[in-house]
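Working notes, structure below.
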Amino acid sequence: MSTQATQYKVSVSYNFVKIFKNLDSTKPPFRYPSEQPDAIKVVTFISEYLANGWDGSLNGKNIHSENVPTDDPNWLKKVEYAQKHDLYHYHIGIPYYEISDDYSTSEYVIHYKKIDNYHIKLVDLDYHNPMTLPKERYLEGEVDLFSNY
């Protein structure tokens, strides 16, 4: 009996390529010397997603970006934009994780577009609060960064 592993894929927008190139891969955040460098956290996220999707060991909070606080003055506009582009955000642990019983959050999130159940496209890395959704131009381009095909 043969079991076939699920094949996950990660691609990135042109904007995310620029962001990734500027992340430090050698030094931890200045104020948090026990943390991994930001680039390592992003690569770890990608490799864990490729190995197991959302069913693996990813410990950051992952949520559809349509989940906008209702007191946001641009609530409806943000909800519609997030739905139109199927945008999600994942708490990447930059600069560190704040751990709770249910999930872990962080000051920074990776914004991504869900292409399908097995393919995500990373489009931005941004401060979480206040939540700003990636600009339309940040969604442009598609570079196959990694896949487990």
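Among the candidates Tyr103, Tyr96, Tyr97, the single residue satisfying the side-chain contact (heavy atoms from CB on, under 4.5 Å) test with Ile99 is Tyr97.
If you look at Tyr90 and Trp54, their ring centroids are closer than 6.0 Å.
In terms of hydrophobic clustering, with Ile, Leu, Val, Met, Phe, Trp and Tyr side chains grouped at heavy-atom distances under 4.5 Å, Ile46 and Leu87 are assigned to different clusters. No continuous path of hydrophobic side-chain contacts links Tyr138 to Met131 [ILVMFWY only; heavy atoms under 4.5 Å].
Residues Glu142 and Ser11 bring a donor and an acceptor atom of their side chains to less than 3.5 Å of each other. Asp24 and Thr26 share a side-chain donor-acceptor pair at under 3.5 Å. For His64 and Asp86, the side-chain atoms include at least one donor-acceptor pair closer than 3.5 Å. Side chain to side chain, Thr105 and His91 fail the donor-acceptor criterion of an N or O pair below 3.5 Å. Checked by atom type, the side-chain pair Ser57/Asn52 shows no donor-acceptor distance below 3.5 Å.
Side-chain N or O atoms of Lys121 include one that pairs as donor or acceptor with a backbone N or O of Leu139 at under 3.5 Å. The backbone N or O of Val123 sits nowhere less than 3.5 Å from a side-chain atom of Lys113 that would complete a donor-acceptor pair. Distance alone, capped at 3.5 Å, places no donor-acceptor pair between the Lys21 side chain and the Phe16 backbone.
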